[in-house]
A.B. asks: 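Okay, here's the structure, questions in a sec.
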Amino acid sequence: MAKETETAVMTNFIYNMIKEDLEKGVLGDKCVHTRFPPEPNGYLHIGHARAVLLNYRLAKIFGGKFNLRFDDTNPIKEEQEFVDSIMEDLRWLGADWQERLFFSSDYFEAKYEFALRLIKAGKAYVCDLDQEQIREYRGTLTEPGKESPYRNRSVEENLDLFKRMRSGEFPDGSRVLRARIDMAAGNLNMRDPVLYRILHSAHHRTGDKWCIYPMYDFDHPFSDAHEGITHSLCSIEYTDHRPLYDWIVDNAVALYPEAIAFRSRQTEFARLNLTYTVMSKRKLRRLVEEKYVESWDDPRMPTIAGMRRRGFSPTSIADFQERVGVSRADSTADLALLEHCIREELETSAPRLMAVLDPIKLVITNWPEGNTEMTEMENIPGDESAGTRKVPFSRTLYIERDDFMEDPPKKFFRLAPGREVRLKGAYIIQCEEVIKDSEGNVVELRCSYDPQTKSGADTSGKKVKGVIHWVSVVHAAWIKVNLYDNLFSIENPEEEKDVDFTDNINPRSLLVCENVPSEPAVAAADPGSRFQFLRKGYFYYDPVATKDDKLVFNRIVPLKDSWAKIKKK
RNA sequence: UGGGGCGUGGCCAAGUGGUAAGGCACGGGAUUUUGGUUCCCGCAUGCGCAGGUUCGAAUCCUGCCGCCCCAGCCA
């Protein structure tokens with residue numbers, strides 16, 4: 001399957017565009033070169049995975065290169081912690097930047113030189129307007145802006161002031177360097193955008209070396225062109241910035257050619273949203289800070305770290321991205337597709353195990369007390385190479401509470417008074433007695449088994465429709481299980497305008513089963529591995545949550561359940 | 001009321017003038033010692049709307065409608 005995603009035909013507009021560029025020879029002797037440019041100020045989420053994988057896979061498919069470059073131009077917001085978590089997430093996703101790990105701050109000196117050259121060319125000036133004045137001068141969406149009174153300073157004065165900005169002579173906010181473009185432009189980004197601001201703040205990499213820092217619009221195109229990025233892919237909200245991107249690159253090529261490896265071009269694609277969750281950084285932060293979830297890597301979070309702990313595999317995420325595709329239209333992918341991807345992968349790769357999430361005791365009255373029989377079960381049905389395991393069967397078992405109904409509807413195939421059902425891998429049993437407590441709750445089922453019906457050696461000729469899983473009481477290994485469900489109870493929590501998004505949080509997004517009996521083989525499981533708990537779903541042995549000898553399993557996704565659909569009708 | 005972007009079935013998405021791919025979801029059936037899997041079958045006379053060009057339009061033209069983004073010294 002992993003192989004399939006490697007070779008699958010990509011049919012999105014960016015792939016087509018690059019193919020065309022290659023055919024036309026637009027890249028000259030350059031190979032395709034992409035990059036993922038995160039700001040290290042937060043955790044990556046599934047939406048970022050689209051950008052990561054798109055850039056990485058495009059480079060890979062075309063035999064090109066992929067850089068990881070941190071856009072660290074704002075020392076106030078950025079931290080090493082996020083650099084580390086982002087690299088961990090990328091490695092986990094399989095996006096390999098090889099030796100090309102860069103930081104935008106690596107090129108601060110070159111960018112300063114470029115700024116000097118812009119000034120000398122009369123294309124940038126130091127502006128003394130304060131923040132509020134700059135806003136006023138910018139005009140509005142419908143009215144043009146007006147030119148700054150500092151716009152026509154001499155080159156000498158600009159040079160002098162800019163150098164003194166760098167040397168730390170001026171306080172934060174007192175001056176900025178701006179591009180000299182067009183205050184009447186319909187596109188606000190072109191109304192003399194700020195290129196540099198004064199920030200007396202230590203940077204996570206350059207320390208106190210700088211007290212002026214470039215803005216994204218100046219920094220990003222230059223860094224791309226400097227690194228020789230051929231295709232600069234970004235999300236759709238940057239479309240308005242493209243003319244400015246081109247302005248910077250064109251000027252860099254003209255004024256500072258020795259620093260430029262390629263005339264980079266920007267292409268935008270739509271961000272990815274997912275149903276039943278939120279993606280905005282602000283909302284995710286609130287979920288953590290207001291304790292709706294436990295942490296950034298809570299398995300209910302759409303963060304890469306959260307999905308990793310939930311148990312999703314990198315393959316399933318890549319497959320999901322591939323199937324969703326990429327376009328320029330706003331889109332919200334269906335969670336069901338992601339779930340399909342992980343189920344498809346695990347169907348053929350996850351060993352089966354039995355665990356009873358909501359146990360009820362069942363006694364086989366005609367089975368000798370103290371007698372244990374080892375039944376042999378396939379690890380992965382249909383895959384002999386996955387082998388078999390022995391599961392102890394005895395007189396007293398646990399079965400799932402909802403695998404029994406005292407007064408069942410006709411389509412119910414499981415256990416009920418007088419009815420027969422097969423215990424998976426073992427015998428067919430018949431329910432003969434229902435024992436209740438004083439409040440009328442069913443506490444125990446007494447059944448008889450048919451010795452003729454041993455699994456694999458059935459001579460009875462009996463046919464039963466129901467097959468249920470079970471765990472032998474005395475042999476049970478006790479584990480903790482987290483049953484996760486959607487974090488939000490509505491499809492598009494991000495779209496609800498009139499209520500706070502937290503009002504739509506699903507109160508049952510986590511159901512903890514503290515003591516779940518499971519077959520003994522569970523104890524031999526490797527942390528970080530994935531299983532199917534028979535008939536219940538796919539589970540991940542959470543190495544983070546597991547403490548001491550109490551194993552913790554997270555439900556990645558339940559199995560499809562057509563009985564649940566029938567029940568609803 | 002300025003600039004930009006986008007509208008193909010429930011959700012994505014191919015398609016770039018020759019008569020609507022594919023996936024997920026959904027419905028039906030077969031197989032099944034997981035009500036899982038697998039396998040069949042079905043699912044847009046229609047491409048935001050209205051005109052026009054053309055033998056022929058989702059694709060070209062015109063007009064309209066709807067949704068999204070932009071007024072950080074954030075990225």
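Keep in mind that what you see is a predicted model, and the values were worked out from it rather than measured. So you know, we letter chains A, B, ... as the sequences are listed, proteins then strands, and number each from 1.
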A.B. asks: For a quick check under 3.5 Å, do Glu227(A) and Asn67(A) share a side-chain donor-acceptor pair by atom type?
C.D. replies: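 Side chains of Glu227(A) and Asn67(A): pair found under 3.5 Å.
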A.B. asks: Under a plain distance cut-off of 3.5 Å, with no hydrogens placed, do Arg35(A) and Ser232(A) share a side-chain donor-acceptor pair?
C.D. replies: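 Arg35(A) and Ser232(A) do have a side-chain donor-acceptor pair below 3.5 Å.
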A.B. asks: Going through the checks in order, is the salt bridge (Lys or Arg N to Asp or Glu O under 4.0 Å) test met by Asp71(A) and Arg69(A)?
C.D. replies: CA-CA 6 Å; Asp71(A) 260 0; Arg69(A) 181 181 74 237; 3.6 Å; yes
A.B. asks: Roughly how many Å apart are C6(B) and U59(B), using the P atom of each and rounding to a whole number?
C.D. replies: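 Comparing P positions in U59(B) and C6(B) gives a spacing of 16 Å.
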A.B. asks: Taking the ring centre of each residue, are Tyr538(A) and Phe533(A) less than 6.0 Å apart?
C.D. replies: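 Ring centres of Phe533(A) and Tyr538(A) not closer than 6.0 Å.
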A.B. asks: Suppose you measure atom P in C39(B) against the same atom in A25(B); what distance do you get, rounded to whole Å?
C.D. replies: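 Here C39(B) and A25(B) have their P atoms 13 Å from each other.
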A.B. asks: Mind running side-chain contact (heavy atoms from CB on, under 4.5 Å) on Glu339(A) and Arg343(A) for me, showing each step along the way?
C.D. replies: CA-CA 6 Å; Glu339(A) 297 185 336; Arg343(A) 283 195 193 106; 3.9 Å; yes
A.B. asks: Under 3.5 Å, which donor-acceptor pairs do the side chains of residues 194-202 of chain A form with other protein atoms, sequence neighbours left out?
C.D. replies:
unit_1    : atom_1 : unit_2    : atom_2 : d
Tyr196(A) : OH     : Tyr112(A) : N      : 3.4
Arg197(A) : NH1    : Thr73(A)  : O      : 3.4
Arg197(A) : NH1    : Tyr213(A) : O      : 3.4
Arg197(A) : NH1    : Pro214(A) : O      : 2.6
His200(A) : NE2    : Phe170(A) : O      : 2.9

A.B. asks: Take atom CZ of Phe269(A) and atom C1' of A13(B), then tell me their distance rounded to the nearest Å.
C.D. replies: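 Distance check: Phe269(A) CZ to A13(B) C1' gives 16 Å.
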A.B. asks: Please encode protein proximity along nucleotides 69-75 of chain B as a string of B, S and -, counting only heavy-atom distances under 4.0 Å.
C.D. replies: BBBSBBB
A.B. asks: Going by number, which of residues 377-385 of chain A have a non-hydrogen atom under 4.0 Å from RNA chain B?
C.D. replies: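 Within this stretch, Pro381(A) sit under 4.0 Å of the strand.
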A.B. asks: Would you mind building the protein contact string for nucleotides 14-26 of chain B? One character per nucleotide, 5' to 3', B for base within reach (heavy atoms under 4.0 Å), S for sugar-phosphate only, - for untouched.
C.D. replies: SS-------SSSS
A.B. asks: Hey, do the aromatic rings of His241(A) and Tyr245(A) have their centres closer than 6.0 Å?
C.D. replies: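 No, they do not, as the ring centres are separated by 6.0 Å or more.
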A.B. asks: CE of Met183(A) versus C1' of G2(B): gap in Å, rounded?
C.D. replies: 14 Å
A.B. asks: Dump the intermediate steps for side-chain hydrogen bond (donor to acceptor under 3.5 Å, both in side chains) on Lys111(A) and Ser104(A), then the final yes or no.
C.D. replies: CA-CA 10 Å; Lys111(A) 276 174 271 212; Ser104(A) 191; 3.0 Å; yes
A.B. asks: Working to the nearest 0.5 angstrom, can you tell me the gap between Thr267(A) OG1 and Tyr238(A) OH?
C.D. replies: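 So the OG1 of Thr267(A) and the OH of Tyr238(A) are separated by 15.0 Å.
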A.B. asks: Can you check the distance between G7(B) and C60(B), where both ends of the measurement are the P atom (answer in whole Å)?
C.D. replies: 12 Å
A.B. asks: Does Arg178(A) qualify as a cation-pi partner of Tyr125(A), given the criterion of NZ or CZ under 6.0 Å from the six-membered ring centre and within 45 degrees of its axis?
C.D. replies: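 No, Arg178(A) does not lie over the aromatic ring of Tyr125(A).
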A.B. asks: Could you give the distance separating C55(B) and C70(B) at their P atoms, to the nearest angstrom?
C.D. replies: 47 Å
A.B. asks: Work out how far the C1' atom of G56(B) is from that of G29(B), and round it to whole angstrom.
C.D. replies: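 G56(B) and G29(B) have their C1' atoms separated by 40 Å.
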A.B. asks: Determine whether a donor-acceptor pair (N or O, by modelled atom type, separation under 3.5 Å) exists between the side chain of Asp192(A) and the backbone of Ile181(A).
C.D. replies: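 It does hold such a pair.
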A.B. asks: How would RNA chain B look in dot-bracket form, 5' to 3', counting Watson-Crick and G-U wobble pairs with both distances under 3.5 Å and writing | for bases paired to another strand?
C.D. replies: .(((((((.[[[..)..(...]]].(((((.......))))).....[[[[[..)....]]]]])))))).....
A.B. asks: Please give the distance between the P atoms of G51(B) and U37(B) as a whole number of Å.
C.D. replies: 46 Å
A.B. asks: Given side chains that start at C-beta, do those of Trp210(A) and Arg166(A) come closer than 4.5 Å, heavy atoms only?
C.D. replies: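 Side-chain contact under 4.5 Å: yes.
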A.B. asks: Does Tyr276(A) have any ring-ring contact (aromatic ring centres under 6.0 Å, His included) partners at least two apart in sequence or in another chain, and if so, which?
C.D. replies: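 Not a single residue meets the ring-ring contact (aromatic ring centres under 6.0 Å, His included) criterion with Tyr276(A).
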A.B. asks: What form does the base of G72(B) take, syn (within 90° of 0) or anti?
C.D. replies: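 Syn, since the glycosidic angle lies within 90° of 0.
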A.B. asks: Write down the distance separating the C1' atoms in C24(B) and G17(B), rounded off to the nearest Å.
C.D. replies: 31 Å
A.B. asks: What's the gap between G9(B) and C47(B) when it is taken at their P atoms, as a whole Å value?
C.D. replies: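 My reading of the P atoms in G9(B) and C47(B) gives 10 Å.
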